[in-house]
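Let me begin by presenting the structure, written as C-alpha coordinates, before commenting on it.
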Amino acid sequence: MNIIKKILELFSTPDDPKEKLEASAKKAKERLQFIIIDDRTGVSPELLEILRNEMIKVLKKYMDIDESRIEIDIENSGKTKALAVNIPVIQVKRGSSITGSEV
Amino acid sequence: MDEQESVVIQETELKEESQNLEKEKARIIVVTSGKGGVGKTTSTSNIAVALAKLGKKVVAVDADIGLRNLDVIMGLENRVVYNFVDVLEGNCRLNQALVRDKRVDTLYLLPAAQTRTKDAVNQEQMIKLCGMLRDEFDLVLLDCPAGIEGGFKNAAVGADEALIVVTPEVPSVRDADRIIGMLESMGKSPIRLIVNRLRPDMVRGGDMLDVPDIIEILAISLIGIVPEDDNVIRAANRGEPMTFASKSPAAQAYINIARRILGEDVPLIQFDTKPRGLLGNIRKILGI
(Lines give C-alpha, C1' and ligand atoms only; values in the text may rest on other atoms or scores of the structure.)
Protein backbone atom coordinates (compact mmCIF):
# COMPACT_ATOMS: atom_id res chain seq x y z
CA MET A 1 0.00 0.00 0.00
CA ASN A 2 2.87 2.35 0.79
CA ILE A 3 4.28 2.04 -2.69
CA ILE A 4 0.89 2.82 -4.21
CA LYS A 5 0.58 5.82 -1.93
CA LYS A 6 4.00 7.04 -3.03
CA ILE A 7 3.06 6.61 -6.67
CA LEU A 8 -0.20 8.50 -6.14
CA GLU A 9 1.72 11.27 -4.45
CA LEU A 10 3.72 11.70 -7.63
CA PHE A 11 0.50 12.51 -9.44
CA SER A 12 -0.76 14.90 -6.77
CA THR A 13 -0.87 18.53 -7.73
CA PRO A 14 1.85 20.39 -5.83
CA ASP A 15 -0.53 23.20 -4.82
CA ASP A 16 -2.70 20.80 -2.84
CA PRO A 17 -1.08 20.44 0.59
CA LYS A 18 -4.20 18.68 1.88
CA GLU A 19 -3.18 15.57 -0.01
CA LYS A 20 -0.03 15.25 2.10
CA LEU A 21 -1.86 15.37 5.43
CA GLU A 22 -3.87 12.50 6.77
CA ALA A 23 -7.55 13.13 6.16
CA SER A 24 -8.88 14.33 9.51
CA ALA A 25 -12.40 12.97 9.01
CA LYS A 26 -11.04 9.43 9.21
CA LYS A 27 -9.36 10.30 12.49
CA ALA A 28 -12.61 11.85 13.77
CA LYS A 29 -14.54 8.67 13.01
CA GLU A 30 -11.98 6.44 14.72
CA ARG A 31 -11.93 8.62 17.81
CA LEU A 32 -15.71 8.80 17.95
CA GLN A 33 -16.05 5.05 17.78
CA PHE A 34 -13.78 4.66 20.81
CA ILE A 35 -15.38 7.53 22.74
CA ILE A 36 -18.89 6.25 22.18
CA ILE A 37 -18.10 2.66 23.16
CA ASP A 38 -16.60 4.06 26.35
CA ASP A 39 -19.64 6.30 27.00
CA ARG A 40 -22.09 3.48 26.41
CA THR A 41 -20.33 1.06 28.75
CA GLY A 42 -19.79 3.67 31.44
CA VAL A 43 -20.49 2.63 35.02
CA SER A 44 -22.64 5.20 36.75
CA PRO A 45 -22.04 6.38 40.33
CA GLU A 46 -25.45 4.92 41.20
CA LEU A 47 -24.35 1.46 40.04
CA LEU A 48 -21.11 1.76 42.01
CA GLU A 49 -23.12 2.62 45.13
CA ILE A 50 -25.35 -0.44 44.63
CA LEU A 51 -22.30 -2.66 44.11
CA ARG A 52 -20.68 -1.24 47.24
CA ASN A 53 -23.70 -1.97 49.42
CA GLU A 54 -24.15 -5.49 48.04
CA MET A 55 -20.50 -6.32 48.62
CA ILE A 56 -20.61 -5.04 52.18
CA LYS A 57 -23.65 -7.22 52.86
CA VAL A 58 -21.87 -10.35 51.64
CA LEU A 59 -18.52 -9.62 53.29
CA LYS A 60 -20.09 -8.81 56.65
CA LYS A 61 -21.23 -12.42 56.94
CA TYR A 62 -17.60 -13.51 57.15
CA MET A 63 -15.56 -10.59 58.46
CA ASP A 64 -15.61 -7.28 60.22
CA ILE A 65 -14.74 -4.56 57.76
CA ASP A 66 -14.05 -0.86 58.06
CA GLU A 67 -16.93 0.57 56.02
CA SER A 68 -15.69 4.13 56.32
CA ARG A 69 -12.49 3.38 54.42
CA ILE A 70 -13.89 1.37 51.49
CA GLU A 71 -12.62 2.49 48.11
CA ILE A 72 -14.39 1.40 44.95
CA ASP A 73 -13.78 2.68 41.45
CA ILE A 74 -13.58 1.80 37.78
CA GLU A 75 -10.06 2.04 36.39
CA ASN A 76 -9.42 2.37 32.68
CA SER A 77 -6.25 0.91 31.27
CA GLY A 78 -6.22 1.20 27.51
CA LYS A 79 -9.14 -0.74 26.09
CA THR A 80 -9.97 -2.68 29.26
CA LYS A 81 -11.73 -1.65 32.42
CA ALA A 82 -11.08 -2.92 35.94
CA LEU A 83 -13.24 -2.71 39.03
CA ALA A 84 -10.82 -1.70 41.75
CA VAL A 85 -12.05 -2.37 45.28
CA ASN A 86 -10.15 -1.79 48.48
CA ILE A 87 -11.89 -3.01 51.66
CA PRO A 88 -9.95 -2.86 54.93
CA VAL A 89 -10.59 -5.98 57.05
CA ILE A 90 -10.61 -5.54 60.83
CA GLN A 91 -10.91 -9.22 61.65
CA VAL A 92 -12.26 -12.44 60.17
CA LYS A 93 -15.21 -13.81 62.09
CA ARG A 94 -14.58 -16.89 64.20
CA GLY A 95 -15.35 -20.08 62.33
CA SER A 96 -15.31 -18.39 58.93
CA SER A 97 -11.60 -18.75 58.30
CA ILE A 98 -11.45 -22.55 57.97
CA THR A 99 -14.68 -23.82 56.48
CA GLY A 100 -15.79 -20.60 54.92
CA SER A 101 -19.34 -21.83 54.82
CA GLU A 102 -20.70 -21.16 58.30
CA VAL A 103 -22.90 -18.13 58.55
CA MET B 1 -87.64 22.89 0.98
CA ASP B 2 -85.09 21.39 -1.33
CA GLU B 3 -82.72 24.19 -0.60
CA GLN B 4 -83.16 23.74 3.12
CA GLU B 5 -82.49 20.04 2.76
CA SER B 6 -79.32 20.60 0.82
CA VAL B 7 -78.14 23.07 3.44
CA VAL B 8 -78.77 20.49 6.14
CA ILE B 9 -76.87 17.89 4.17
CA GLN B 10 -73.96 20.24 3.66
CA GLU B 11 -73.86 20.98 7.34
CA THR B 12 -73.76 17.36 8.32
CA GLU B 13 -71.02 16.77 5.76
CA LEU B 14 -69.02 19.59 7.24
CA LYS B 15 -69.53 18.19 10.70
CA GLU B 16 -68.34 14.78 9.63
CA GLU B 17 -65.37 16.33 7.93
CA SER B 18 -64.33 18.25 11.03
CA GLN B 19 -64.80 15.13 13.12
CA ASN B 20 -62.52 13.27 10.76
CA LEU B 21 -59.95 16.03 11.10
CA GLU B 22 -60.18 15.82 14.86
CA LYS B 23 -59.48 12.12 14.74
CA GLU B 24 -56.04 12.74 13.28
CA LYS B 25 -53.80 12.58 16.30
CA ALA B 26 -51.60 15.57 17.08
CA ARG B 27 -47.89 14.90 17.12
CA ILE B 28 -45.50 16.36 19.65
CA ILE B 29 -41.89 16.45 18.49
CA VAL B 30 -38.92 17.54 20.60
CA VAL B 31 -35.97 19.08 18.76
CA THR B 32 -32.84 18.37 20.73
CA SER B 33 -29.09 17.80 20.47
CA GLY B 34 -27.28 17.57 23.78
CA LYS B 35 -24.59 19.97 22.69
CA GLY B 36 -25.44 23.66 22.40
CA GLY B 37 -24.98 25.80 19.34
CA VAL B 38 -25.58 23.13 16.71
CA GLY B 39 -28.81 24.62 15.33
CA LYS B 40 -31.75 23.46 17.43
CA THR B 41 -33.54 26.81 17.38
CA THR B 42 -32.78 27.42 13.70
CA SER B 43 -34.10 23.95 12.88
CA THR B 44 -37.21 24.34 15.04
CA SER B 45 -38.16 27.69 13.51
CA ASN B 46 -37.57 26.68 9.90
CA ILE B 47 -39.37 23.36 10.20
CA ALA B 48 -42.29 24.99 12.03
CA VAL B 49 -42.68 27.60 9.29
CA ALA B 50 -42.41 24.96 6.57
CA LEU B 51 -45.02 22.73 8.24
CA ALA B 52 -47.41 25.67 8.60
CA LYS B 53 -46.91 26.57 4.94
CA LEU B 54 -47.82 22.98 4.11
CA GLY B 55 -51.18 23.67 5.75
CA LYS B 56 -50.71 22.22 9.22
CA LYS B 57 -51.64 24.04 12.40
CA VAL B 58 -48.30 24.30 14.16
CA VAL B 59 -46.98 25.68 17.42
CA ALA B 60 -43.27 26.17 18.07
CA VAL B 61 -42.67 26.00 21.81
CA ASP B 62 -39.57 27.56 23.33
CA ALA B 63 -38.82 25.10 26.12
CA ASP B 64 -35.59 26.84 27.10
CA ILE B 65 -36.70 28.68 30.23
CA GLY B 66 -34.35 31.52 31.17
CA LEU B 67 -32.57 31.54 27.80
CA ARG B 68 -35.38 32.20 25.43
CA ASN B 69 -34.35 32.69 21.82
CA LEU B 70 -36.96 31.17 19.56
CA ASP B 71 -39.03 34.39 19.66
CA VAL B 72 -36.01 36.37 18.41
CA ILE B 73 -35.11 33.88 15.67
CA MET B 74 -38.72 33.97 14.49
CA GLY B 75 -38.84 37.77 14.71
CA LEU B 76 -41.75 37.74 17.17
CA GLU B 77 -39.99 39.14 20.24
CA ASN B 78 -42.01 42.37 20.27
CA ARG B 79 -45.27 40.48 20.44
CA VAL B 80 -44.51 38.30 23.45
CA VAL B 81 -46.77 39.13 26.39
CA TYR B 82 -47.17 35.96 28.40
CA ASN B 83 -45.24 32.69 28.36
CA PHE B 84 -46.01 29.05 29.04
CA VAL B 85 -44.98 29.30 32.69
CA ASP B 86 -47.73 31.93 33.05
CA VAL B 87 -50.17 29.42 31.56
CA LEU B 88 -49.12 26.70 33.98
CA GLU B 89 -49.29 29.06 36.95
CA GLY B 90 -52.74 30.26 35.95
CA ASN B 91 -51.67 33.86 35.22
CA CYS B 92 -53.25 33.67 31.76
CA ARG B 93 -55.09 31.34 29.41
CA LEU B 94 -53.24 29.34 26.79
CA ASN B 95 -54.53 31.43 23.89
CA GLN B 96 -53.32 34.60 25.61
CA ALA B 97 -49.77 33.26 25.71
CA LEU B 98 -49.77 32.00 22.12
CA VAL B 99 -48.28 34.46 19.63
CA ARG B 100 -49.84 34.11 16.20
CA ASP B 101 -47.37 34.55 13.37
CA LYS B 102 -49.04 36.95 10.93
CA ARG B 103 -46.86 35.90 7.98
CA VAL B 104 -48.46 32.47 7.62
CA ASP B 105 -51.82 31.21 8.80
CA THR B 106 -51.79 28.39 11.33
CA LEU B 107 -48.34 29.19 12.80
CA TYR B 108 -47.99 30.04 16.48
CA LEU B 109 -45.18 30.58 18.97
CA LEU B 110 -45.42 29.70 22.66
CA PRO B 111 -42.60 31.60 24.37
CA ALA B 112 -40.53 30.57 27.37
CA ALA B 113 -40.20 32.63 30.53
CA GLN B 114 -37.04 34.71 30.39
CA THR B 115 -36.82 35.75 34.04
CA ARG B 116 -37.31 32.31 35.55
CA THR B 117 -35.08 29.27 35.99
CA LYS B 118 -35.36 25.75 34.64
CA ASP B 119 -36.96 24.46 37.84
CA ALA B 120 -39.92 26.84 37.48
CA VAL B 121 -41.80 23.87 35.99
CA ASN B 122 -41.74 20.15 36.65
CA GLN B 123 -42.36 17.15 34.41
CA GLU B 124 -46.02 16.76 35.39
CA GLN B 125 -46.68 20.37 34.40
CA MET B 126 -44.96 19.88 31.06
CA ILE B 127 -47.08 16.82 30.36
CA LYS B 128 -50.16 18.89 31.20
CA LEU B 129 -49.04 21.67 28.85
CA CYS B 130 -48.42 19.18 26.04
CA GLY B 131 -51.91 17.80 26.59
CA MET B 132 -53.40 21.28 26.19
CA LEU B 133 -51.42 21.87 22.99
CA ARG B 134 -52.37 18.47 21.59
CA ASP B 135 -56.01 19.53 21.60
CA GLU B 136 -55.30 22.73 19.66
CA PHE B 137 -52.65 21.82 17.08
CA ASP B 138 -51.68 19.27 14.43
CA LEU B 139 -48.00 19.51 15.26
CA VAL B 140 -46.17 20.73 18.34
CA LEU B 141 -42.43 21.40 18.00
CA LEU B 142 -40.52 21.75 21.27
CA ASP B 143 -37.23 23.64 21.08
CA CYS B 144 -35.22 21.93 23.79
CA PRO B 145 -32.47 23.53 25.91
CA ALA B 146 -28.92 22.19 25.58
CA GLY B 147 -27.69 19.71 28.16
CA ILE B 148 -28.96 16.47 29.60
CA GLU B 149 -30.40 17.72 32.89
CA GLY B 150 -33.80 18.91 34.06
CA GLY B 151 -34.39 21.34 31.20
CA PHE B 152 -33.92 18.63 28.61
CA LYS B 153 -36.03 16.13 30.51
CA ASN B 154 -38.84 18.65 30.95
CA ALA B 155 -38.84 19.44 27.25
CA ALA B 156 -38.74 15.79 26.23
CA VAL B 157 -41.16 14.28 28.74
CA GLY B 158 -44.35 15.25 26.92
CA ALA B 159 -43.07 14.51 23.40
CA ASP B 160 -43.98 11.52 21.26
CA GLU B 161 -41.03 11.71 18.88
CA ALA B 162 -37.66 13.41 18.58
CA LEU B 163 -35.48 15.14 16.05
CA ILE B 164 -31.77 15.11 16.89
CA VAL B 165 -29.71 17.94 15.44
CA VAL B 166 -26.06 17.10 14.97
CA THR B 167 -23.15 18.85 13.26
CA PRO B 168 -20.37 16.77 11.67
CA GLU B 169 -18.03 17.27 14.60
CA VAL B 170 -16.77 14.91 17.30
CA PRO B 171 -18.29 16.64 20.38
CA SER B 172 -21.68 17.07 18.71
CA VAL B 173 -21.92 13.42 17.62
CA ARG B 174 -20.79 12.23 21.03
CA ASP B 175 -23.39 14.30 22.88
CA ALA B 176 -26.08 13.23 20.41
CA ASP B 177 -25.31 9.60 21.26
CA ARG B 178 -25.99 10.24 24.94
CA ILE B 179 -29.21 12.10 24.20
CA ILE B 180 -30.40 9.31 21.88
CA GLY B 181 -29.81 6.76 24.63
CA MET B 182 -31.89 8.82 27.05
CA LEU B 183 -34.70 9.39 24.54
CA GLU B 184 -34.83 5.68 23.74
CA SER B 185 -35.14 4.81 27.41
CA MET B 186 -37.95 7.39 27.66
CA GLY B 187 -39.76 5.51 24.88
CA LYS B 188 -39.67 8.23 22.20
CA SER B 189 -40.25 6.95 18.69
CA PRO B 190 -39.28 7.65 16.01
CA ILE B 191 -36.01 9.37 16.87
CA ARG B 192 -34.59 10.83 13.67
CA LEU B 193 -31.42 12.67 12.78
CA ILE B 194 -30.82 16.04 11.13
CA VAL B 195 -27.21 16.50 10.03
CA ASN B 196 -26.73 20.26 10.11
CA ARG B 197 -24.03 22.54 8.71
CA LEU B 198 -22.56 19.98 6.36
CA ARG B 199 -19.82 21.32 4.11
CA PRO B 200 -19.62 19.14 1.00
CA ASP B 201 -16.26 20.66 0.03
CA MET B 202 -14.72 19.60 3.35
CA VAL B 203 -16.26 16.13 3.12
CA ARG B 204 -14.80 15.85 -0.38
CA GLY B 205 -11.39 16.82 0.98
CA GLY B 206 -11.64 14.15 3.67
CA ASP B 207 -11.73 16.72 6.45
CA MET B 208 -15.33 16.43 7.57
CA LEU B 209 -17.30 13.43 8.80
CA ASP B 210 -19.68 12.32 6.08
CA VAL B 211 -23.35 11.56 6.71
CA PRO B 212 -23.01 7.75 6.38
CA ASP B 213 -20.24 7.80 9.01
CA ILE B 214 -22.46 9.69 11.46
CA ILE B 215 -25.41 7.38 10.84
CA GLU B 216 -23.20 4.33 11.30
CA ILE B 217 -21.95 5.63 14.65
CA LEU B 218 -25.31 6.77 16.00
CA ALA B 219 -27.35 3.94 14.47
CA ILE B 220 -30.54 5.98 13.94
CA SER B 221 -32.45 6.96 10.85
CA LEU B 222 -31.80 10.17 8.93
CA ILE B 223 -34.52 12.71 8.19
CA GLY B 224 -32.44 15.35 6.43
CA ILE B 225 -29.12 16.98 5.65
CA VAL B 226 -28.81 20.75 5.94
CA PRO B 227 -25.78 22.26 4.22
CA GLU B 228 -23.81 25.11 5.74
CA ASP B 229 -25.47 28.26 4.44
CA ASP B 230 -24.73 31.96 5.06
CA ASN B 231 -28.46 32.63 4.79
CA VAL B 232 -28.93 31.10 8.27
CA ILE B 233 -27.19 34.14 9.78
CA ARG B 234 -28.95 36.60 7.46
CA ALA B 235 -32.30 35.07 8.42
CA ALA B 236 -31.48 35.25 12.13
CA ASN B 237 -30.41 38.90 11.75
CA ARG B 238 -33.74 39.75 10.16
CA GLY B 239 -35.89 37.49 12.32
CA GLU B 240 -37.29 35.79 9.23
CA PRO B 241 -36.87 32.02 9.10
CA MET B 242 -35.52 31.02 5.67
CA THR B 243 -38.43 28.76 4.85
CA PHE B 244 -40.76 31.78 4.56
CA ALA B 245 -39.35 32.72 1.19
CA SER B 246 -35.75 31.98 0.52
CA LYS B 247 -34.79 29.44 -2.08
CA SER B 248 -31.45 28.93 -0.34
CA PRO B 249 -30.03 25.41 0.02
CA ALA B 250 -30.68 25.30 3.77
CA ALA B 251 -34.28 26.48 3.29
CA GLN B 252 -34.88 23.76 0.72
CA ALA B 253 -33.40 21.18 3.09
CA TYR B 254 -35.74 22.27 5.89
CA ILE B 255 -38.77 22.22 3.60
CA ASN B 256 -37.86 18.66 2.63
CA ILE B 257 -37.53 17.69 6.30
CA ALA B 258 -41.00 19.12 6.98
CA ARG B 259 -42.44 17.08 4.12
CA ARG B 260 -40.75 13.92 5.40
CA ILE B 261 -42.22 14.59 8.86
CA LEU B 262 -45.64 14.53 7.18
CA GLY B 263 -44.82 11.16 5.66
CA GLU B 264 -43.91 12.23 2.14
CA ASP B 265 -41.18 10.27 0.43
CA VAL B 266 -38.81 13.08 -0.56
CA PRO B 267 -35.43 12.01 -1.94
CA LEU B 268 -32.35 13.39 -0.19
CA ILE B 269 -30.60 16.23 -1.96
CA GLN B 270 -27.35 14.82 -3.25
CA PHE B 271 -24.34 16.89 -2.28
CA ASP B 272 -21.14 16.50 -4.18
CA THR B 273 -19.12 14.87 -1.43
CA LYS B 274 -17.30 12.26 -3.49
CA PRO B 275 -13.63 12.77 -4.27
CA ARG B 276 -13.23 14.26 -7.70
CA GLY B 277 -11.27 13.29 -10.76
CA LEU B 278 -9.22 10.29 -11.78
CA LEU B 279 -6.84 10.51 -8.84
CA GLY B 280 -9.68 10.82 -6.40
CA ASN B 281 -11.44 7.85 -7.88
CA ILE B 282 -8.29 5.70 -7.76
CA ARG B 283 -7.83 6.67 -4.14
CA LYS B 284 -11.42 5.81 -3.36
CA ILE B 285 -11.18 2.40 -5.00
CA LEU B 286 -8.01 1.62 -3.10
CA GLY B 287 -9.46 2.94 0.12
CA ILE B 288 -6.54 5.23 0.90
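First the proteins, then the strands, lettered A, B, ... as listed; each starts at 1. Just so we're clear, the structure is a prediction, and the values are computed from it rather than from any experiment.
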> Side chain of B/Asp207, backbone of A/Ser24: donor and acceptor closer than 3.5 Å?
Replying inline: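 Side chain of B/Asp207 to backbone of A/Ser24: a pair is present.
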
>> Once rounded to the nearest 0.5 Å, what's the spacing between atom CG of B/Leu209 and atom CG of A/Leu32?
In response: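 Here the interatomic distance stands at 6.0 Å.
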
> Between atom CZ of A/Arg40 and atom CZ of B/Arg178, what is the distance when rounded to the nearest 0.5 Å?
Replying inline: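 One gets 12.0 Å once the value is rounded to the nearest 0.5 Å.
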
How about [X]: does its [atom1] atom have over 12 heavy atoms from other parts shown lying under 6.0 Å from it?
X: B/Arg68; atom1: CZ; answer: yes
X: A/Lys29; atom1: NZ; answer: yes
X: A/Ile90; atom1: CD1; answer: yes

>> Looking at every heavy atom in both B/Gly206 and A/Ala23, which two are closest together, and how far apart are they?
In response: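 Result for this residue pair: O-CB, 3.2 Å.
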
>> Please classify the contact between B/Asp177 and chain A as side chain, backbone, both or neither, with a heavy-atom cut-off of under 4.5 Å.
In response: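 The side chain, not the backbone.
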
> After noting the C-alpha distance and the side-chain angles of B/Val173 and A/Ile35, does the key distance pass the side-chain contact (heavy atoms from CB on, under 4.5 Å) rule?
Replying inline: CA-CA 10 Å; B/Val173 178; A/Ile35 291 165; over 6 Å; no

